[in-house]
> 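Quick one: the structure is below, questions incoming.
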Amino acid sequence: MQNIRNLLRKYYGYADFRPGQAEIIDSLLKGTDTLAVMPTGAGKSLCYQLPALALPGTAIVVSPLISLMKDQLDALQGAGILAAYINSSLTGAEVNERLYNARRGRYKLLYVAPERLESEYFRTAVRDLEISLLAIDEAHCISQWGHDFRPSYRAIGPFIDSLAARPVVGAFTATATDNVKQDIIELLGLRNPATHYTGVDRANLSFTVIRGENKKEFVQKYIAANKDKAGIIYAATRKEVDNLYAALRKAGWPAGKYHAGLGDAERRESQEAFIRDDISVMVATNAFGMGIDKPDVRYVIHYNMPKNMEAYYQEAGRAGRDGDPGECILLFAAQDIQLQKFLIEQTVLDGERKTGEFGRLQAMVDYCHTPACLRQYILAYFGEQAAAGECGNCGNCNAGAEPVDITVEAQKVLSCVARLKERYGISLVAEVLKGAKNKKVRQLGVDTLSVYGLLKEYSLQELKDLTNRLIATGYLRLSDGEYPVVKLTNEGAAVLRGEARVWQKALQKPRLTATDNSLFERLRALRKSIADRLGVPPYVVFADSTLKEMCAYRPTDRHALRLIKGVGETKLERFGDDFLQAIRQDCAEDN
Ligand code: ADP
Ligand code: ZN
């Protein structure tokens, strides 16, 4: 393994393995078929790339998406590793050239799309190739139980059987359910496989739920405080995406948008701009994600609550794939529940499945309400035992603020709901408390109620927020149906009778003020200009964590720079001097 560590330093500039990596690599090097289940961002690629570098011959890597292959290749070439891919984006002549090179042993890794394995031409071409290892990325695509079933993955098993000399096989996935694992092992024909499971926890991600907040305002403030970071904002509908996108552009933010209603070209451009850091905020529906492999997404904000925890964790998990901190924020509003219920009603016809979907939705809603550690909630949901105690890295664990007694305000809202006979929605409740003078209020005659104008010192939005918060914490609830009305719960009634008080921690809010980071800005700009010149995404030049280490240690010579995490030999050669110069300049200006 010392040899492998040296390769890790030399090509990737990393000093240590991440959890699980050493075991998986060791297992493959010993010739044991291996199934590795690791969460997104845990570092699966290195687990087959390092054995590929260490073993004689060429590793074949099966990968499902053309865009992912290209990203991987850019990264490998950036690190000075010889590799190529073969997929449908190439001409016949290009394919032949690469196969020719492969047979001459010019690549350590050859990436192929699964369809390719069915081609007789390809099978013949690789017949006399020395295959060091066969790696299957996103191996869950082979299973119909998974969410990304790809029929062409079924060609992999027969392909392995067709090889004269069977190489060791490594299968990689983030999906851990038993059905999927079983399918992978059987359908690939793994022999006495070793299974490595590193768990679903993503320690570098923080989780926060924010309830009853003005979402648009929150997002604007958040982006203002996180200008130099890349982030994704997921919204539930195309319309919501369009609106938020327009608002952000109007405020001058470098935002892009992505949803299924846009043309292919428009979507591609938008995705490309995001990967290249031309824009920093992507406003999108859940159509955005499959196939984006940007490792340095620093935050994922959910503008609406998604339909279940699986979807949430997958989308939020797109933050921090490079292992650096990522912030996952869910902006909860009670209306989102109605929307998701509506979508289930519309799309799920089978009665039993519908009940299942409603159950999973409820687990999602509970996540938004739980006062306990959010990470523990997530791990428990996915069937894992969390370490005892609070995680210290989620909104609920961090909410250090003392709870405040808001009983009086709460009683006023609750009594307004009661006076309105539990027959109206959130807006009217807020308008009555505000003492709004509009046609609806006059027509309904609610301006004569004793609660009219009872909280007029608050803004209409603040009153809606407060109502939402009381819904989210169970003092009120919304009825089902298209036009939900606000109703009292037993807890709410008790407060109204003066039998219980309402204490609420001021909710922990993500930091909304920017920190000064001029060297980071400078290095980021340099990285961007080099990346543009080379036509690769910025993270291929250096990861965020590498730039951050440079800011912290301020290396001023090549020797010191080589010690920074992520600076391998090739990158030192290619980019070292430019970055050293930028750091020296910054030091000079500081003095
Ligand atoms: P996955 O495929 O599991 O989602 P990747 O293989 O894309 O994850 O790795 C995610 C990120 O972590 C990449 O930027 C990679 O360079 C980085 N990484 C992987 N292994 C290590 C390590 N041992 N030390 C530091 N960074 C690592
Ligand atoms: Zn926690």
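Remember, predicted model here, so these are calculated numbers, not experimental data. For ligands, and for the atoms within them, numbers begin at 1 and follow the listed sequence. Hydrogens, waters and symmetry mates play no part in the numbers below; they use all other heavy atoms, side chains included.
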> Y222 and Y299: aromatic ring centres closer than 6.0 Å?
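Here the rings of Y299 and Y222 have centres that are less than 6.0 Å from each other.
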> Are side-chain heavy atoms of L563 and Y553 found at a separation under 4.5 Å?
no
> Quick check on R191: does its CZ atom have over 12 non-hydrogen neighbours (other residues, nucleotides or ligands) under 6.0 Å away?
no
> Quick one: look at D16 and ligand 1, take heavy-atom pairs under 4.0 Å, and tell me if it's side chain, backbone, both or neither.
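Just the backbone.
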> Do NZ/NE/NH1/NH2 and the carboxylate oxygens of R298 and D544 come within less than 4.0 Å?
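Salt bridge flag = yes for D544 with R298.
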> Against ligand 1, does A543 come closer than 4.0 Å with any heavy atom?
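It does not; every heavy atom stays at 4.0 Å or beyond.
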> So, for atom 19 (C) of ligand 1, does the protein have a heavy atom nearer than 4.0 Å?
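Under 4.0 Å from atom 19 (C) of ligand 1, at least one protein heavy atom found.
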> Does any N or O atom in F17 lie less than 3.5 angstrom from one in ligand 1, N or O only?
no
> Can we call the ring centroids of Y48 and F172 under 6.0 Å apart?
yes
> To which of Y14, F172, Y539, Y48 does the heavy atom nearest atom 27 (C) of ligand 1 belong?
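Going through Y14, F172, Y539, Y48 one by one, Y14 has the nearest heavy atom to atom 27 (C) of ligand 1.
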> With a 3.5 Å cut-off and no angle check, do the side chains of Q182 and D178 form a donor-acceptor pair?
no
> With a heavy-atom distance limit of 4.0 Å, tell me whether Q21 approaches ligand 1 through its side chain, its backbone, both, or neither.
side chain
> Side chains of E115 and S152: do they bring a donor and an acceptor to under 3.5 Å?
yes
> Mind checking whether M38 has a heavy atom under 4.0 Å from ligand 1?
no
> When you draw lines from the Zn ion (ligand 2) to SG of C373 and to SG of C397, what angle lies between them, to the nearest 10°?
100°
> Among protein heavy atoms, which sits nearest to atom 8 (O) of ligand 1, and what does the distance come to when rounded to 0.1 Å?
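For atom 8 (O) of ligand 1, the nearest protein heavy atom comes out as G43 N, 3.3 Å.
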> Under 4.0 Å between a side-chain nitrogen and a carboxylate oxygen: does that hold for R360 and E310?
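E310 and R360: salt-bridged.
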> With the Zn ion (ligand 2) at the apex, how many degrees lie between SG of C391 and SG of C394, rounded to 10 degrees?
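Rounding to the nearest 10 degrees gives 110°.
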> Taking only non-hydrogen atoms of G323, do any sit less than 4.0 angstrom from ligand 1?
no
> Which option, E138, K294, R321, K44, owns the non-hydrogen atom nearest atom 11 (C) of ligand 1?
R321
> So, Y14 versus Q21: side-chain donor-acceptor pair below 3.5 Å or not?
no
> Are the aromatic rings of Y111 and Y85 close, with centres under 6.0 Å apart?
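They do not qualify: ring centres at least 6.0 Å apart.
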> For ligand 1, find out whether one of its N or O atoms is nearer than 3.5 Å to an N or O atom of S45.
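Between S45 and ligand 1, an N or O pair is found under 3.5 Å apart.
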> Based purely on interatomic distance, does K565 place a nitrogen or oxygen under 3.5 Å from a nitrogen or oxygen of ligand 1?
no
> Would you say L8 and ligand 1 have an N/O pair spaced under 3.5 Å apart?
no
